[in-house]
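Heads up: the structure comes next, in structure tokens.
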Amino acid sequence: MPQVMIELANVTKIYGQGEKRVVALDNVSLQINKGEIFGIIGLSGAGKSTLIRCINKLEVPQSGTITIAGQEITKLKGKELRKTRRKIGMIFQHFNLLSSRTVYGNIAFPLEIAGVKRSEIKERVLSLIDLVGLSDKISAYPAELSGGQKQRVGIARALANNPEVLLCDEATSALDPETTKSILGLLQDVNQRFNLTIVLITHQMNVIKDICDTVAVIEDGRIVEQGPVVDLFARPRTPTARRFMKSVLPTEIPAEIKERALIMDDQNCAGKTVRISFIGDVAGEPVISSLIRKFQVDVNIIYANLDYIKNTPFGSLIIDLMGESQKIEAAMEFLEDQGLKLEVLNSVEPTA
Amino acid sequence: MWNLLLKALGETLYMVGASLVLSALFGIPLGLVLVITEPRHIKPAPVIHKILSTIINIGRSLPFIILLVAIIPFTRLVVGTSIGTAGAIVPLTVSAITFVARVVESALLEIDRGVIEAAQAIGATTGQIITKVLIPEAVPGLILGLTMVAVNLIGYSAMAGAVGGGGLGDLSIRYGYQRFRGDVMLLTVVVLVAIVQGLQSFGSWLAARLNRR
Ligand SMILES: Nc1ncnc2c1ncn2[C@@H]1O[C@H](COP(=O)(O)OP(=O)(O)OP(=O)(O)O)[C@@H](O)[C@H]1O
Ligand SMILES: [Mg+2]
């Protein structure tokens, strides 16, 4: 059984009163396991920031409990709360670095706060700067850094007190795609290196797809869908989830392929254009060659694409199957038995 | 004449310097408390905030010349006299405290809320946030603001001369105006302008130098 690191039970957060009343979180319950990268995705205003800020009590929910490593943070106050917060790192969309301190000073800041000795601070900061790859920027001020470099400082600062949890509030939303990739790589690296539990919120599906193990979809303050990222891609249940998926998957078939007519050379043959979707390891198996050998059908590959959800391959393939009707049927059955999803796009019956 | 001028210059610098230091001593903490007790700041306390804000507004709305006279009993109580440079420092300080408080407020409100939140998320105490975040981040703004206070104090110190405080303002009125000494008048004006120019340039330069944003 995986160990639960963070648990939210029936958390409700309401802002304002009367006409201005907004239910930002509506009875939210979640479990986040130790060592996983947990993504929360939702549209603007869905309540993502509110949710993540409740985890370290930057916002106080009206009801419900939040437990981190067995400790109920919703009950903590003052000194106890501050001590627990040291074990929860946080990074932000706009980095929130101290403009008056250098890279070194910013990373040293949480250590000073925690009362670490000066000599130890130096050692720790230098190793963190090395970890995030900013050794040549050690005495630069934030204003002299690029967005990606600032976020690296943010990550180093968040890791300074060896936290068990890292909260990321839209950590890559202010960055270009290339820099986003490198920051996500760094997050994945620290996740594996320190078995760090990472909670990240985003409105970008590619962030979920690239590094998350588990995802929760939030809509109007409610979690509408939750589970392993691969499952969400394989079987999205809500329209919101489907919309987010579309943004990263080329589910639309190019028009040229759709409108393409199947022309058969042999009038005794049937033909079908089939789309095969797959997720997971099947991509590594020689399905197509077995198909040709076992069922004596002709296969013509029209279109193919392959991508990865974290480390799981997924993709789709469009092929023409040509041969005797029964053989085509049998071939399709075989493909479905392999765990592939089939969809017939076009079909031609023998004319002779 | 040069002796008179030098003496008056010394008195002005003394009055302005002393009241600047004293008003900063009281005004900076006052401004800090004003800011951190705001709703959604690090120590929200609406009642305290409202009371301080009202007091500061009253202080800011009194014209200096009226304040000067109105607090004479208080001045006597503090320094034993209401005239001379010592007698001028008290009203100058009192009027500048509320000014400093507002200057501190505007400098501190410039700081991005996110930076303060990051410190809270790290587990910093209120004291640590003040000393390690609010003040260091506000330094350039504070320097510019205090420069403004100092320039104002130079102007007010001339009025304080009216109650026998001495200084350049006093000199220009007694000699330049009442004894028709145009040369004294001109000279004091030149010196005053030079001081203000010098002070402002220095303050702006220092603030720019320390600004890392
Ligand atoms: N301090 C606040 N006072 C009042 N309402 C708030 C406050 N913070 C958030 N809200 C409201 O709560 C709802 C959820 O906001 P939240 O910031 O959690 O959304 P989000 O999913 O992070 O959106 P975004 O992607 O735009 O950052 C919104 O309707 C917002 O207007
Ligand atoms: Mg947000």
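Chain identifiers are assigned alphabetically (A, B, ...) following the order of the sequence lines, protein sequences preceding nucleic acid strands; residue numbering begins at 1 within each chain.
Ranked by heavy-atom pairs under 4.5 Å with chain A, the first of B/V133, B/V139, B/D112 is B/V133. Of the listed residues (A/A160, A/S99, A/A143), the greatest number of heavy-atom pairs within a distance under 4.5 Å of chain B belongs to A/S99. Ranked by heavy-atom pairs under 4.5 Å with chain A, the first of B/A124, B/P140, B/G123 is B/G123.
Looking at A/P110, the atoms closer than 4.5 Å to chain B (heavy atoms on both sides) sit in the backbone and in the side chain alike. Looking at A/L97, only its backbone comes within 4.5 Å of chain B, counting heavy atoms on both sides. At a 4.5 Å heavy-atom cutoff, A/Q93 makes no contact with chain B through either its backbone or its side chain. Contacts of A/I88 with chain B are made by backbone atoms alone, with heavy-atom separations under 4.5 Å and no side-chain atom involved. Heavy atoms closer than 4.5 Å to chain B are found nowhere in A/F95, neither backbone nor side chain.
B/I122 approaches A/R157 most closely through the heavy-atom pair CD1-CD, 3.9 Å. Shown here for B/R40 and A/E59, the closest heavy-atom pair between the two residues is NH2-OE2, 3.9 Å.
Between A/K57 atom NZ and B/Q120 atom CD the span is 12.5 Å, to the nearest 0.5 Å. Taken to the nearest 0.5 Å, the CZ atom of B/R212 stands 7.5 Å off from the CD atom of A/E144. To the nearest 0.5 Å, atoms CD1 (B/I135) and OG (A/S100) are separated by 11.5 Å.
Put simply, the side chain of A/N96 gets close to the backbone of B/G114: a donor and an acceptor are under 3.5 Å apart.
With respect to the salt-bridge test (charged N to carboxylate O, under 4.0 angstrom), the residues A/R53 and B/E117 qualify.
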